[in-house]
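Report on one structure; see the data block that follows.
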Amino acid sequence: MKPAAAVFANMSTTIFEVMSRLSVEHNAVNLGQGYPDGNGPDDVREQAQIALADRPNQYPSMWGVPELRQAVAAHGKRFYGLDIDPMNEVLVTSGATEALASCLLGLIEPGDEVVMIEPLYDSYLPIVRLAGGIPKLVRLTPPDWSLPFDALEKAFSAKTKLMILNSPMNPTGKVFTPEELKFIAGLLERFDAYAVCDEVYEHLVYDNHKHIPLMTLPGMRERCLRIGSAGKTFSLTGWKIGYITGAPGVLQPVAKAHQFLTFTSAPNLQRAVAYGLQKDDSYFKGLAAELSTKRDKLSQGLRQNGFDVMPTAGTYFICTDISGISGGLNDVEFCQKLTREVGVTAIPASVFYEGAPPTNYVRFAFCKDVPMLDEALQRIAAKLPKMRA
Ligand code: PMP
Ligand code: GLN
C-alpha cells in the first residue's frame with residue numbers, strides 16, 4: 001500500500017482527545033481539555049432552537065449569514081473601535097480551527113517562512129507544514145513568558161510570509177503587552193508580512209490586563225486576520241462557529257480555501273451567535289469575572305498541594321511547574337499517573353513544543369464547575385502524596 005500524507009500519518013492523535021479518553025476510562029475529573037462544564041447561556045441556546053424551527057436550514061452564503069457578519073463587525077467596533085465592512089471584511093468559519101486552516105492554506109506558498117511562538121496550540125504546525133510553509137519558532141520562557149525581542153527579530157527574514165500570534169495565549173495564559181505588540185507590528189511592516197491573530201480568548205482576560213488586537217495598531221489593519229470563536233465567548237465549544245475579520249485583499253484568498261474546506265456552518269447556530277455578540281457588556285464582564293474566581297480557586301488549591309503555579313492573565317488555563325513534586329516523572333508520565341491514580345486529568349505541556357521540549361510543565365483548565373474544581377483539589381490532596389511515594 002502506498003503511504004498516506006506524511007504530515008498526518010507520522011503524527012499521534014491530538015493530546016486533547018487522548019487525555020479526555022483516558023479521563024473517562026478512569027472516571028477522573030477532567031481539567032485537561034479546555035471546555036466548560038456548563039451548557040452556555042440559556043438565551044443563546046434558545047435562539048438556536050428558534051432559528052432551527054423557524055428559519056431556513058439550507059446552505060447559507062459561504063461568507064456566513066448576514067446577521068452574523070453584521071454582528072461580528074458591530075462587536076469589533078464596540079470593543080476595539082474597528083470599522084469593519086460586514087459584507088467584505090468578515091468570514092464565518094466552522095470554529096477557529098477551520099479559520100486558522102483557511103488563513104494558513106489561503107496565504108502560504110511552499111517555501112514561505114512562518115514565524116510562530118512556542119509553546120503553541122497544536123493545530124498550527126501541521127497546517128503550516130501541509131501548506132508547504134517553513135516554521136520559524138521562537139520560544140517563550142516562564143514564569144513571565146515575555147517576548148524575546150532579539151530572537152523574534154532573528155526569526156524574520158525576506159522569506160517571512162506571516163506570523164501566527166495567539167493572544168491571550170494557550171497554554172501560558174499570557175496576554176501580550178502593548179510594547180510587545182508594537183515590536184511585532186514594527187517587524188511585520190519591516191518584512192512586509194501578515195499576521196494571523198488567534199484571539200479566541202479575547203473576552204477571557206482577568207485583573208487589570210487588557211486584550212489589544214494587533215489589528216488596532218497603526219499600519220496593522222491591512223496586515224492582520226483576526227480570529228474569534230463563539231465556542232469560547234459563549235462557553236459553547238461544541239458549536240464550532242468562528243469568525244475572521246480582515247481587509248478584503250487578504251480575506252479573499254482565505255475565503256477561497258474556506259469554500260473547499262467546509263463552505264459554511266449550521267445556519268441556526270450562526271444566527272444564535274449573532275444574537276449573542278449583541279449581548280450587553282455585562283455579559284462579557286460577567287464571564288471574565290466568573291472565570292477569574294475559578295482561576296484563583298484552582299491556583300490556590302494547586303499551590304497548597306505543592307505545584308509551582310504560574311500567573312495567568314487570560315484564557316481557560318493555568319500552567320504549573322511540577323519539578324518539585326514530580327518525583328522524577330516527566331510531564332506525560334505525571335499526567336497519566338495523575339489520571340489513573342489520583343483521578344484528575346491535566347495536559348502535559350511538552351505537546352505544545354517542537355524539538356526538545358521542557359518536560360516539567362503541566363496545564364490545568366479552570367473553566368469547570370466549582371464543585372468539580374473542589375473535587376479535583378480534594379482528590380489531589382488525598383492521593384497525590386501516595387502517587388509520589
Ligand atoms: N486556538 C486556540 C488557541 C485554542 O485554544 C483553540 C481551542 N478551542 C482553538 C484555536 C480552536 O477553537 P474552536 O473550538 O473555535 O475551533
Ligand atoms: N482548545 C482546547 C484546549 O486547548 C482543545 C480544543 C480541541 O480539543 N480541539 O484544551
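One-based numbering, in listed order, for ligands and for the atoms of each. Heavy-atom basis, side chains included; hydrogens, waters and symmetry copies ignored. Just so it is clear, the model here is predicted, and its values are computed rather than measured.
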Taking side chain as C-beta onward, heavy atoms only, is Ile212 less than 4.5 Å from Val175? no

At under 4.0 Å between heavy atoms, what of Tyr316 touches ligand 2? The answer is neither

Under 4.0 Å from any heavy atom of Lys232, which atoms of ligand 2 are there? 1 (N)

Around atom 14 (O) of ligand 1, find the nearest protein heavy atom and jot down its residue, atom name and distance. Lys240 NZ, 3.3 Å

Could you tell me whether Met169 approaches ligand 1 through its side chain, its backbone, both or neither, with non-hydrogen atoms closer than 4.0 Å? neither

Does Val370 share a hydrophobic cluster with Leu204, counting links as ILVMFWY side-chain heavy atoms below 4.5 Å and allowing steps through other members? no

Using heavy atoms and a threshold below 4.0 Å, how should the contact between Met19 and ligand 2 be classified: side chain, backbone, both, or neither? neither

Stepwise salt bridge (charged side-chain N to carboxylate O under 4.0 Å, His left out) check, Asp280 with Lys285: CA-CA 9 Å; Asp280 288 348; Lys285 284 196 189 115; over 6 Å; no

Nearest non-hydrogen protein atom, atom 2 (C) of ligand 2: Gly34 N, 4.0 Å

Does Val254 reach the side chain of Ile244, with side-chain heavy atoms less than 4.5 Å apart? yes

At under 4.0 Å between heavy atoms, which part of Asn170 makes contact with ligand 2: side chain, backbone, both or neither? side chain

Which is it for Val200 and ligand 1 at heavy atoms under 4.0 Å: side chain, backbone, both or neither? side chain

How long is the straight-line distance from CG of Asn30 back to OG1 of Thr339, given to the nearest 0.5 Å? 8.0 Å

Please write down residue, atom name and distance for the protein heavy atom closest to atom 11 (C) of ligand 1. Thr97 OG1, 3.3 Å

For Met372, is the CE atom crowded, meaning more than 12 foreign heavy atoms sit under 6.0 Å from it? no

I need the nearest protein heavy-atom contact for atom 8 (O) of ligand 2: residue, atom name and distance, please. Gln33 NE2, 2.7 Å

Find all atoms of ligand 1 within a distance of less than 4.0 Å from any non-hydrogen atom belonging to Tyr201, and give their numbers and elements. 3 (C), 4 (C), 5 (O), 7 (C)

Just need the protein heavy atom nearest to atom 2 (C) of ligand 1, so name the residue and atom and give the distance. Asp198 OD2, 3.3 Å

Over 60° means perpendicular and under 30° means parallel, so tell me whether Phe16 and Phe352 are parallel, tilted or perpendicular. tilted

Under 3.5 Å between any N/O of Tyr124 and any N/O of ligand 1: does that happen in this structure? no

Does Tyr59, at its OH atom, have more than 12 non-hydrogen atoms belonging to other residues, nucleotides or ligands within less than 6.0 Å? no

Atom OG1 in Thr177, atom CG in Leu147: separation rounded to 0.5 Å? 8.0 Å

Atom 6 (C) of ligand 2: the protein heavy-atom neighbour that sits closest, reported with distance to 0.1 Å: Tyr121 OH, 3.2 Å

How far apart are the C-alpha atoms of Arg221 and Glu89, what are their side-chain angles, what is the distance that settles it, and do they pass the salt bridge (charged side-chain N to carboxylate O under 4.0 Å, His left out) test? CA-CA 11 Å; Arg221 180 68 172 80; Glu89 296 189 310; 2.7 Å; yes

Within 6.0 angstrom of Tyr35 OH, more than 12 heavy atoms from elsewhere: yes

Should Arg363 be listed as contacting ligand 2, given a heavy-atom distance under 4.0 Å as the test? yes

Run the ring-centre check on Phe284 versus Phe79 and record whether the distance is less than 6.0 Å. yes

Among the heavy atoms of Tyr35, does any lie under 4.0 Å from an atom of ligand 2? no

Proximal ligand 1 atoms for Gly95, defined as those under 4.0 Å from one of its heavy atoms: 15 (O), 16 (O)

Quick one: does Ser229 get an N or O within less than 3.5 Å of an N or O on ligand 1? yes

Could you find the nearest protein heavy atom to atom 12 (O) of ligand 1 and give me its residue, atom name and distance? Ala96 CB, 3.4 Å

Under 4.0 Å from a heavy atom of Asn166: which atoms of ligand 1 are those, numbered in the order shown and with their elements? 3 (C)

Could you grab the distance from atom CG of Leu68 to atom OG of Ser61, nearest 0.5 Å is fine? 11.0 Å

I need the contact type for Lys232 against ligand 1. Using non-hydrogen atoms and a strict under-4.0 Å cut-off, is it side chain, backbone, both or neither? side chain

